[in-house]
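Here's the structure we're looking at; comments come further down.
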Amino acid sequence: MKREKIKALLASGGTDREVLVKGWVRTKRGSKNIAFIALNDGSTIKNIQVVADVSGFDEQLMKEITTGACIAVRGRLAGSEGSGQDVEIRAESIELYGKADPETYPLQKKGHTMEFLREIAHLRPRTNTFGAVLRIRHALAYAIHKYFNDKGFYYLHTPIITSSDAEGAGEMFQVTTLDLGSVPKKTDGSVDFSDDFFGKPTNLTVSGQLEGELGALAIGEIYTFGPTFRAENSNTPRHLAEFWMIEPEMAFYDLNDNMDLAEDFVKYLIRYALENCSDDLDFLNKMISKDLLERLDFVINNEFIRMTYTEAVGILEASGRKWVYGTGWGKDLQAEHERYLVEEYFRCPVILTDYPKVIKAFYMKQNDDGKTVRAMDVLFPGIGEIIGGSQREENYEKLLARIQELGLPEKDLWWYLETRKFGTAPHSGFGLGFERFVQFVTGMANIRDVIPFPRTPKNAEF
RNA sequence: UCCUCAGUAGCUCAGACGGUUAGAGCGGCGGACUGUUAAUCCGUAGGUCGCAGGUUCGAUCCCUGCCUGGGGAGCCA
């Protein structure tokens, strides 16, 4: 007999037939004569109720069917006499795959705090909340590939190990095979990397963007979707040391095309989740974040506000607010400023453009005013900056001048500069932090709870 | 990294001017119950009071340091 997944079984509609299901026991209740087992196999947030007439089963077996145990149930699918569910399985035989000693199994029927569940990350996927988050995370990852594939973008695999700190996106994790107990030194005392695996210092990537640009300037429109690593000592509900980032890069896109793509992309993903994960989103809306569905609907049904950094500063200065951080032109916007614009003034996602060049990266296209660059940040309620992007500087002289002005390692960037030397083209791109986006879609308050195994300062367990 | 709060039973928390046997709810275990929905009812076991020093006749409680976690900030996605 073929095992059926609970999701398919519940969707099938028919009753009065033999079925075989396998899964993990969520709860068992009942009396001396009858037992009710809520069984979940991860295919859906919904459990199937298994009803067992106790007299027909081995006493020891029934005793060992406890919360967390894994069982296979063969029985008859039937309409339920109880009110909590439409159908249930009248068990005819039960096989116990794995016991879960109730005295030591850490998951209870009652709710647990997110902090506690983080300590048992190997078991937390068995909870309703994490099951829902993991299914939604999967659906969003799939939708990302589908969106870009359908638009003719190519998935470009940029390197995880890199040898330059050109992007300057943050502190990096060093990659080495040198024996840290006795590091080879040169005569001047500095580390001799010639014996290291790559013969020079290497690190884990902080961004695939620069390599992404190489792809865009050859095959037109590409995207990356991979892990990135930042060794920043950031301890916040919005930062991870290891996170996933999506970075599309497009030839012949100007900043407006870039913004259009970003907005359309984000709305597509939310719509995809609403259409394909409604059970999980309903659960999260009820148990985790009260107005979740309302927020998601709002984002897909409203145009993002677009304005320049300069206009935004004007709004902040006209607000009459007392800010902890000053708001003069040329200063970067702080969390309190972004929050005011998004959550109070507009109450809508906002795209800010044309930031002062001094606070932005070297590769952004310089405007004719000599002061600003064609940058864009997409700001979301609750999580702040979710997308950062720009039109890239395609002019060789201007790009080189900026690199020199900032004292960046020109030698390490020779390959990047050559794209502007040989057949340069206007192009744009952006980066979307995947976990921050999953946070927004699921309503989870802490980014550590939207990735199966979070990596944060002082924590690399599991 | 800075500011701030916290760490007591498996979980969530209460507690004491510094003073003999540290409490509750839930969970577990035992029992009752012919259909339950985080079942209900009765009973019961369970604690190095985060770690290391210090003050004291005596510290889980006061002081110092450290560790871990939450929130806020910075850095950013």
Side-chain angles (χ1 to χ4, degrees), chain A residues 26-38 46-55 63 66-68 78-85 88 90 100-120 123 127-128 167-171 206-209 224 227-247 262 287 324-325 332-336 338-339 359-361 377-380 383-389 430-440 445-451 456-459 461:
Chain A
R26 283 294 165 77
T27 65
K28 188 176 79 172
R29 323 172 267 279
S31 61
K32 188 197 277 176
N33 303 314
I34 190 165
F36 301 92
I37 300 162
K46 292 176 178 161
N47 301 324
I48 185 84
Q49 172 158 288
V50 174
V51 185
D53 183 345
V54 174
S55 61
K63 224 176 168 176
T66 57
T67 299
S80 177
E81 290 174 31
S83 58
Q85 57 284 317
E88 64 191 18
R90 308 277 163 75
D101 176 12
E103 297 213 20
T104 49
Y105 186 63
L107 290 171
Q108 306 172 170
K109 298 177 190 180
K110 284 259 182 181
H112 292 290
T113 60
M114 292 299 148
E115 291 78 20
F116 173 67
L117 291 174
R118 249 169 249 155
E119 293 171 11
I120 51 167
L123 295 173
T127 63
N128 285 331
E167 223 244 334
E171 291 295 311
V206 293
S207 163
Q209 182 201 314
T224 73
T228 43
F229 308 87
R230 307 266 169 100
E232 302 285 352
N233 192 5
S234 298
N235 295 285
T236 85
R238 301 177 306 283
H239 289 86
L240 291 166
E242 176 182 297
F243 64 101
W244 288 64
M245 190 152 61
I246 300 104
E247 295 177 290
M287 303 299 289
V324 177
Y325 292 88
D332 205 355
L333 299 181
Q334 302 297 316
E336 57 172 338
E338 295 180 350
R339 192 161 291 155
I359 58 174
K360 288 293 181 183
D377 282 1
V378 181
L379 309 178
F380 261 43
I383 42 188
E385 186 186 338
I386 195 165
I387 285 178
F430 62 83
L432 170 71
F434 186 50
E435 281 75 16
R436 285 192 185 171
F437 189 69
V438 178
Q439 259 190 290
F440 182 76
N446 195 309
I447 200 165
R448 291 157 203 186
D449 301 325
V450 298
I451 188 167
T456 51
K458 298 280 183 290
N459 184 9
E461 195 66 42

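Quick note on labels: first sequence line is chain A, next is B, and so on, each numbered from 1. In this text the structure is predicted, and so the values were computed from the model without any measurement.
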- request: For B/G30, take OP1 and OP2 only and decide whether either is under 4.0 Å from a side-chain N or O of A/K63.
  value: yes

task: Starting from C1' on B/C75, measure out to CG on A/D332 and report it in whole angstrom.
output: 11 Å

- prompt: OP1 or OP2 of B/G71 sitting under 4.0 Å from any side-chain N/O of A/R238?
  reply: no

- prompt: Separation of A/K28 atom NZ from B/G27 atom C1', in whole Å?
  reply: 15 Å

- prompt: Rounded to the Å, how far apart are A/Y105 OH and B/G28 C1'?
  reply: 15 Å

query: A/I37 has an atom CD1; how far is it from atom C1' of B/U37, in whole Å?
result: 14 Å

query: If the C1' atom of B/G28 is compared with that of B/G71, how far apart are they to the nearest Å?
result: 33 Å

message: Would you measure the distance from the P atom in B/U44 across to the matching atom in B/G35 and give it in whole Å?
response: 26 Å

- prompt: Is the shortest side-chain N/O distance from A/N233 to OP1 or OP2 of B/C2 below 4.0 Å?
  reply: no

Atom-to-atom span, CE of A/M114 to P of B/G71 - whole angstrom: 12 Å

task: Taking atom P in both B/G69 and B/C26, compute the distance separating them and give it to the nearest angstrom.
output: 31 Å

query: With rounding to whole Å, what would you report as the distance between B/G15 and B/C67 at their C1' atoms?
result: 25 Å

message: I want to verify a distance call: between B/U36, B/G70, B/U12, whose nearest atom is closest to the A/S80 side chain?
response: B/U36

field: Interatomic distance, A/E115 CD vs B/U12 P [rounded to whole Å]
entry: 8 Å

field: For B/G69, the Watson-Crick or wobble counterpart (both distances under 3.5 Å)
entry: B/C5

- prompt: Which nucleotide, B/G70, B/C76, B/U36, lies nearest any side-chain atom of A/H239?
  reply: B/C76

query: Under 4.0 Å: is that the gap between some side-chain N or O of A/R436 and OP1 or OP2 of B/C76?
result: no

Phosphate contact (B/U36 OP1 or OP2) by A/R29 side-chain N/O below 4.0 Å: no

task: Quote, to the nearest angstrom, the P distance that separates B/A24 from B/G70.
output: 30 Å

message: Using only atom types and a distance under 3.5 Å, with no angle test, would you say the side chain of A/N459 pairs donor to acceptor with the backbone of A/E461?
response: yes

task: Please report, rounded to the nearest Å, how far the C1' atom of B/G74 is from the CD atom of A/Q334.
output: 8 Å

query: Atom NZ of A/K458 to atom P of B/G70: distance rounded to whole Å?
result: 14 Å

message: Looking at A/K32, I'd like to know whether one of its side-chain N or O atoms comes within less than 4.0 Å of OP1 or OP2 on B/C33.
response: yes

- prompt: Does any donor atom in the side chain of A/S31 or A/N33 lie under 3.5 Å from an acceptor atom in the other side chain?
  reply: no

- prompt: Taking only side-chain nitrogens and oxygens of A/S31, does any of them come within less than 4.0 Å of OP1 or OP2 of B/G35?
  reply: yes

message: Using the P atom as the point on both nucleotides, what is the distance between B/A16 and B/C61, in whole Å?
response: 15 Å

Interatomic distance, A/L240 atom CG to A/R436 atom CZ [nearest 0.5 angstrom]: 9.0 Å

Complement of B/A38, any strand, by Watson-Crick or G-U distances under 3.5 angstrom: none

- prompt: What integer number of Å spans the C1' atoms of B/U56 and B/G19?
  reply: 12 Å

task: Under a 3.5 Å limit for both distances, which nucleotide forms a Watson-Crick or G-U wobble pair with B/G28, could you say?
output: B/U44

field: Under-4.0 Å side-chain N/O to phosphate OP1/OP2 contact, A/R26 with B/A38
entry: no

- prompt: Which value, in whole Å, describes the distance between the C1' atoms of nucleotides B/G43 and B/C5?
  reply: 39 Å

query: Does the ring of A/F243 meet both stacking tests against the six-membered base ring of B/A77: centre distance under 5.5 Å and plane angle under 30°?
result: yes

- prompt: So, A/R230 versus A/T228: side-chain donor-acceptor pair below 3.5 Å or not?
  reply: no

task: Report yes if a side-chain nitrogen or oxygen of A/Q49 is closer than 4.0 Å to either non-bridging phosphate oxygen (OP1 or OP2) of B/U37; otherwise report no.
output: no

task: Look at the side-chain N and O atoms of A/K109 and state whether any lies under 4.0 Å from the OP1 or OP2 oxygen of B/A39.
output: yes

